[in-house]
Amino acid sequence: MPGEAAAVELVAASKKYREGAALQPTNLVVQRGQVHALVGLNGTGKTTLLRLVLGITAPTAGRVLVRGVDVARMKPAGWAGVGHLIDTPLVYPELTVQANLQIAGRLSGLGLGSGRAAARRLAEELLLTKWWTRRARTLSLGNRQRLGIAAALVADPDVMVLDEPTNALDPAGTVLVRRMLLERVRETGASVLVSSHHLDEVARIADQITVINSGRIIGTLAPDGIDLERRFFNLVNADVEANQRQANP
Amino acid sequence: MSTAAGLLAFGIVHAWSFGREFSEGTITGLFALPTTRTMVAGAKLLVLCLWVFASTMVLTGVAVLLGAVLGYEPTADTFSLAARLAGSTFLTGALAVVGGLVASICRSMLAGIGSAIVMPVLAQVAVLLGLGGWFPFAAPGVWAATVTGGGVFGIQLAALLVMTAGAASATVYSWHRLRL
């Protein structure tokens, strides 16, 4: 039953470009009501994995399921309730904060009235009302990123896929977004699949942490354990050394 | 002149409208939505079509007004000449759909703008080679310049409309099939 399925599931999903494999066959399950963090160094396949989940790119092999439905066969209505922010926020510089949020609401399937109300609510939640009538191009990088997060969450999604959502935020903005995500998970049972470089932040919000390196999942980390950074580098360095031994036996 | 300039101006706006999503990176935000990319591309084409129509009306109105201000007396041909200007301008705007198609296929605003620059150049070359109205990009200009109205026949107009419809359909299809 789709109602009981995991929020996101990858079944031996892989992605190969002409330049080489971006993601080796990967299995991953994001349970409902959980925050699942993907951590890894730059260029290790995190964004590719998130792109597969959203159908931005198609898997070379394997399957990707969102709420139990294969992304390759997902009907448009099936994407309702999936909020995402990958690479660049869906923010148009010449439009105001208000117009950007209302458009995001309409694209996410909200009606005219409910879209306006949701835009206002998200702007208040992410402290953007001060710039409500300002064009997005005049906002600072951090405020633009907050606007992008607001646009991704405007329709109150129950599945959120976020690629380094706090990388341009100041500490206050990071705390704000973290609190907002956790509220949604605890109050509505929403699920979050998030990639991040900030191990400290990940430790504060994640129920599960998956480590990815060279396009492969190389292990998991307990978020409540001590010295997350050391354990992360232990895993990554062990994988790098194993790869080197394999390449130069 | 209006058709050559129109092909460039309308083509650039078409290329910007579709190509900006790739150049600015907002295209990823248009995936995984209940509103499909097919609908987004269709909506862009509809808005551009309405904008081309509005621009055509304004341009024609300004031309007629300017004629009156400069002291040209209205003649029996004034209405047909204004209609010819409006028709050729609108058809030029319709052809500019190709700029959006190139930007979509190449995933680049610059490629679309490049095609908008090349289109009027090709039209001029086609006219010099004597192809005239048989080359769709040159057809509106030839039609506008032919006072007797016999330069471009119905079949040439049909070719132009088929090409425009084909380019619009291909644009929507490329957005439907798009994977990054």
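Below, read A as the first sequence line, B as the second, and so on, with proteins coming before strands; counting in each chain starts at 1.
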* To do: Write out all pairs satisfying salt bridge (charged side-chain N to carboxylate O under 4.0 Å, His left out) with one or both partners inside residues 39-53 of chain B, taking only residues at least two apart or from two chains.
  => B:Glu21-B:Lys44

* For the student: nearest non-hydrogen atoms of B:Arg20 and A:Tyr92, plus distance -> NH2-CD2, 3.5 Å

* Report yes or no: does B:Thr28 contribute a side-chain atom to a donor-acceptor pair with the main-chain N or O of A:Ile86 at less than 3.5 Å? => yes

* To do: Please answer whether the main-chain N or O of B:Thr26 pairs with a side-chain N or O of A:Thr88 as donor and acceptor at a distance below 3.5 Å.
  => no

* Asked: Where does A:Val91 contact chain B at under 4.5 Å (heavy atoms): side chain, backbone, both or neither?
  -> backbone

* Asked: Going from CZ on B:Phe31 to CG on A:Leu90, what distance comes out if it is rounded to the nearest 0.5 angstrom?
  -> 12.0 Å

* So which part of B:Thr36 gets closer than 4.5 Å to some heavy atom of chain A, the side chain, the backbone, both or neither? -> side chain

* When heavy-atom pairs shorter than 4.5 Å are enumerated against chain B, which of A:Leu54, A:Val66, A:Val161 gives the highest number? -> A:Leu54

* Tell me, do A:Pro93 and B:Glu24 make a side-chain contact under 4.5 Å, heavy atoms counted? -> yes

* **More than 12 heavy atoms of other groups within 6.0 Å of A:Tyr17 OH** => yes

* **Listed partners of B:Arg179 passing salt bridge (charged side-chain N to carboxylate O under 4.0 Å, His left out), at least two apart** => none

Acceptor/donor pairs from residues 97-105 of chain B side chains to any protein atom, 3.5 angstrom cut, sequence neighbours excluded:
residue: B:Ser104; atom: OG; partner: B:Gly100; partner atom: O; Å: 2.8
residue: B:Ser104; atom: OG; partner: B:Trp175; partner atom: NE1; Å: 2.9

* Structure fact -> Residues of residues 97-109 of chain A with a heavy atom under 4.5 Å from any heavy atom of chain B, in residue-number order, are A:Arg106, A:Leu107, A:Ser108, A:Gly109

